[in-house]
Trainee: 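Here's a structure for you.
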There are 2 protein chains.
Amino acid sequence: MADVAELAKVSPSTVSLYLRRPEAVSASAGSAIARAIDKLNYVPNLVAGGLAAASSRAVSIIVPSVRNAFFAETVSAMQAALRKERLQVILGHTEYDEREEEDLVRTALSWAPAAIVLTGLSHSDATRRMLSKTTVPVIEIWELGGPQIDTAIGFHHQQVGAASARHLIQQGRRHLAYLGARMHEDRRARLRCDGFVAAAQEAGVSVEVIQHPAPASAEVGAMLISETLQQHASTDGVACSNDHVALGVLFECERLGLAVPDRLAVVGFGDLSFSAACNPPLTTIRPSGDLIGKEAARLIIEHLAGHDMPEHATIDTRFTLLHRRSS
Amino acid sequence: MADVAELAKVSPSTVSLYLRRPEAVSASAGSAIARAIDKLNYVPNLVAGGLAAASSRAVSIIVPSVRNAFFAETVSAMQAALRKERLQVILGHTEYDEREEEDLVRTALSWAPAAIVLTGLSHSDATRRMLSKTTVPVIEIWELGGPQIDTAIGFHHQQVGAASARHLIQQGRRHLAYLGARMHEDRRARLRCDGFVAAAQEAGVSVEVIQHPAPASAEVGAMLISETLQQHASTDGVACSNDHVALGVLFECERLGLAVPDRLAVVGFGDLSFSAACNPPLTTIRPSGDLIGKEAARLIIEHLAGHDMPEHATIDTRFTLLHRRSS
DNA sequence: CTGAAAGCGCTAACAC
DNA sequence: GTGTTAGCGCTTTCAG
């Protein structure tokens, strides 16, 4: 920066100012600086900037895993929006472990990020304590309806479950089941299950929960549906913890020669890339992963611009039930 | 850090040393420092550390998109391995755009990262120039066989295409087609296609390329196969740019009542979560996304430990053809 | 094994 | 609109 300043015949602080607010510098100084930067191939050091400003242009995002298409979508949308403001994404994976999360939050804080984004509302006490003490804005995503640290953006997973149940009942189904994968770790899948069961019971319809500890996959879906049909032969409508599981159900039904939706109606969750194309096309619930990321980015950018973030705000990004031929 | 030093009755530099190499500090000083850290709830400031050390504990990873399961896997594996060494992942998405990549590399450099990881071997001239000038180690992943900036880790995509073609020919197929999605942007899909065509021609077998500009999806797969069968009715074996496309082919064949593999053999790429579970289970090629991430992390960690990275090293992580019932 | 000293490259008051 | 000044919180020689 000193070299640039010298070449442009201004002081370093003018260069600094130009870099952060070009409009605050006179046109002549500005263009001289621009030329010098170009000539010297100058790349500002953001680490030094972050230290001096006591806040880096980094946003820490902590998700269970980007292998999960839902979080990949949110991370991707957020990254795209933050990039325009020259904010960097620092990524961490909890692998659904609160201890890992705690550790990630700790190191995240040592980067003095512009904001910390984490997934869900359930965290260890230590995590909660660390975060409520800092001045760094905290955003929790992908879950609503619990105690939140500060801002939360997402939707109510119980409502998703309830919507699935009501849809199946509307289609004339009276013997429901929820097929859940990895529900001991995936709190949000569990909430959807709870909402499903509650809505079914309220409607006076029979409901079972069949689950498997492995992560959601088509294999697990196939196993779960065959188990379900063995134990509860009259089952005529199922909701699945996500579309991978639902796809496995469709595959298994095809192998068993079981007609979908005539004999069994299937509802998924996620609207993944194959969901509209399979046989039959899958009725599913599309969450708002993209919107969650965009809204989070918007809040962070506004906060950085000086608008202080509304305290304890809640943004409900909703979800959509897509009625296709599997139900 | 000064507070910790005071409480532990040592100097700040001893605390600093303890933090980086605990074994270099006496046991008594060490435990006093540990107690002070705990008592004060001290979290080191990595930004300041990065500035002083002229290299931050951050690794910049630039991929086309984490929405793509392949890159999500690599990013995830890398993150997990780097975390153990307290290295942070800074993530950027190019969306298959070399201009974007150039920009991302520029900002990546301004973080003085411990290493920069980017996808593929094809970059803009400016990107190449920036990277060859820095002292930051550069690793290119997911592609082998072109001019590399420094280290490359991945496999040869032409070999993947060739392996698919040879497999189909071995299964007695003589009228091949390659179904490609977004090949104008996805260089690696194009390379696989090239390898496929070359191997087929070499074997004296007929081969067609049918493509669609949209990103790979089951919908695109369905469209591509019906187009193929219309234009080249004798086609009896297809390879697809990835398993999403292949899945769409299976769906469409089912709708058309076309027997797989009797009438048409199908080979995918990716071994995605549904590939073993669908009807029939999909023959596919499993790339080494996980291994790529692990190897990249290993190299970076070794470099940080002082072992200098072998210049212009190439690590071939290979791939595996999984012969299942679709062929 | 420990401590003193000298920055790392930038930002942010503040004065001009 | 521009420059001066005083750090930001750490790391890293180098002595002792």
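Quick note on labels: first sequence line is chain A, next is B, and so on, each numbered from 1.
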Trainee: Are any protein N/O atoms closer than 3.5 Å to N/O atoms in nucleotides 13-16 of chain D? If there are, list each pair with its distance.
Mentor:
none

Trainee: Nearest whole Å is fine: how far is D/dT5 P from A/Met1 CE?
Mentor: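 Whole-Å distance recorded here is 18 Å.
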Trainee: Under the ring-ring contact (aromatic ring centres under 6.0 Å, His included) definition, can you give me all pairs with a residue in residues 8-28 of chain B, not counting sequence neighbours?
Mentor: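 Matches after skipping sequence neighbours: none remain.
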Trainee: Name all residues meeting the side-chain contact (heavy atoms from CB on, under 4.5 Å) criterion together with A/Ala53; count only those two or more places apart in sequence or in a different chain, and write none if there are none.
Mentor: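 Here no residue qualifies.
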Trainee: What residues in residues 39-53 of chain A put a non-hydrogen atom under 4.0 Å from any atom of DNA chain C?
Mentor: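 Residues of residues 39-53 of chain A that come under 4.0 Å of DNA chain C are, in numerical order, A/Tyr42, A/Pro44, A/Asn45, A/Ala48, A/Gly49, A/Ala52, A/Ala53.
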Trainee: Just to verify, what does A/Arg128 make a salt bridge (charged side-chain N to carboxylate O under 4.0 Å, His left out) with, not counting sequence neighbours?
Mentor: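 Counting only residues at least two positions away or on another chain, A/Arg128 forms no salt bridge (charged side-chain N to carboxylate O under 4.0 Å, His left out).
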Trainee: Which residue pairs pass the ring-ring contact (aromatic ring centres under 6.0 Å, His included) test with at least one member in residues 52-85 of chain A, sequence neighbours excluded?
Mentor: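 Passing the test, one end in residues 52-85 of chain A: A/Phe70-A/Trp142, A/Phe70-A/Phe269, A/Phe71-A/Trp142.
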Trainee: Rounded to whole angstroms, how far apart are CG on B/Leu17 and P on D/dC10?
Mentor: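 It is 15 Å, rounded to the nearest whole Å.
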Trainee: Using whole Å, report how far CD1 of A/Ile33 lies from C1' of D/dG1.
Mentor: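 Answer to the nearest Å: 11 Å.
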Trainee: Can any side-chain N or O of B/Arg188 pair as donor or acceptor with the backbone N or O of B/His157 at less than 3.5 Å?
Mentor: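 Not a single qualifying donor-acceptor pair exists.
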Trainee: Who are the side-chain contact (heavy atoms from CB on, under 4.5 Å) partners of B/Gln79, not counting sequence neighbours?
Mentor: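 B/Gln79: side-chain contact (heavy atoms from CB on, under 4.5 Å) contacts with A/His93, A/Leu104, B/Arg83, B/Val89.
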Trainee: Between P on D/dC10 and CG on A/Leu109, what's the gap in Å once rounded to a whole number?
Mentor: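 Going from CG in A/Leu109 over to P in D/dC10 covers 14 Å.
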Trainee: Is B/Glu6 atom CD crowded by more than 12 heavy atoms from other residues, nucleotides or ligands, each under 6.0 Å away?
Mentor: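 Result for CD/B/Glu6: open.
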Trainee: Taking salt bridge (charged side-chain N to carboxylate O under 4.0 Å, His left out) as the test, write out the residues that go with A/Glu295, two or more places apart.
Mentor: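 Checked A/Glu295 against salt bridge (charged side-chain N to carboxylate O under 4.0 Å, His left out); matches are A/Arg298.
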Trainee: Against B/Ser288, only a single residue in B/Asp316, B/Thr74, B/Thr317 fulfils side-chain hydrogen bond (donor to acceptor under 3.5 Å, both in side chains); can you say which?
Mentor: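 So, applying the side-chain hydrogen bond (donor to acceptor under 3.5 Å, both in side chains) to B/Ser288 and each of B/Asp316, B/Thr74, B/Thr317, only B/Thr317 qualifies.
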Trainee: Here's a test of your reading of the structure: between A/Val15 and B/Ser11, which maps to the more 5' nucleotide of DNA chain C?
Mentor: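 Comparing both residues, the 5'-ward one is B/Ser11.
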Trainee: Could you list the residues that satisfy side-chain contact (heavy atoms from CB on, under 4.5 Å) with A/Ala297, not counting sequence neighbours?
Mentor: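 Here the qualifying residues are A/Met78, A/Ala81, A/Leu82.
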Trainee: At the 4.0 Å heavy-atom cut-off to chain B, mark where contacts on DNA chain C begin and end, going 5' to 3'.
Mentor: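 The contact span of chain B on DNA chain C goes from C/dC1 to C/dG9.
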Trainee: Just the rounded figure in Å: distance from P of D/dG9 to CG of B/Asp3.
Mentor: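 Rounded to the whole Å, the gap is 10 Å.
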Trainee: What's A/Ala2 touching, base or sugar-phosphate or nothing? Going by heavy atoms closer than 4.0 Å.
Mentor: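 Since no nucleic acid heavy atom lies under 4.0 Å of A/Ala2, the category is nothing.
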Trainee: Rounding to 10 degrees, work out the angle separating the end axes of the helix from C/dC1-D/dG16 to C/dC16-D/dG1 (five pairs an end).
Mentor: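 One end axis against the other gives 20°.
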Trainee: So, taking the atom named NE2 in A/His123 and the one named CD in A/Glu98, what distance separates them when rounded to the nearest 0.5 Å?
Mentor: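 Between atom NE2 of A/His123 and atom CD of A/Glu98 there are 8.0 Å.
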Trainee: List the residues meeting side-chain contact (heavy atoms from CB on, under 4.5 Å) with A/Arg99, not counting sequence neighbours, and say none if there are none.
Mentor: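 Per chain and number, A/Arg99 pairs via side-chain contact (heavy atoms from CB on, under 4.5 Å) with A/Asp97.
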Trainee: If you look at every strand shown and take non-hydrogen atoms under 4.0 Å, does B/Arg20 touch a base, only sugar-phosphate, or nothing?
Mentor: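 Answer is base: heavy atoms of B/Arg20 come under 4.0 Å of a base.
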Trainee: Which atoms form the tightest heavy-atom contact between B/Gly145 and B/Leu121, and what is the distance?
Mentor: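 Closest heavy-atom pair between B/Gly145 and B/Leu121: N-CD1, 3.9 Å.
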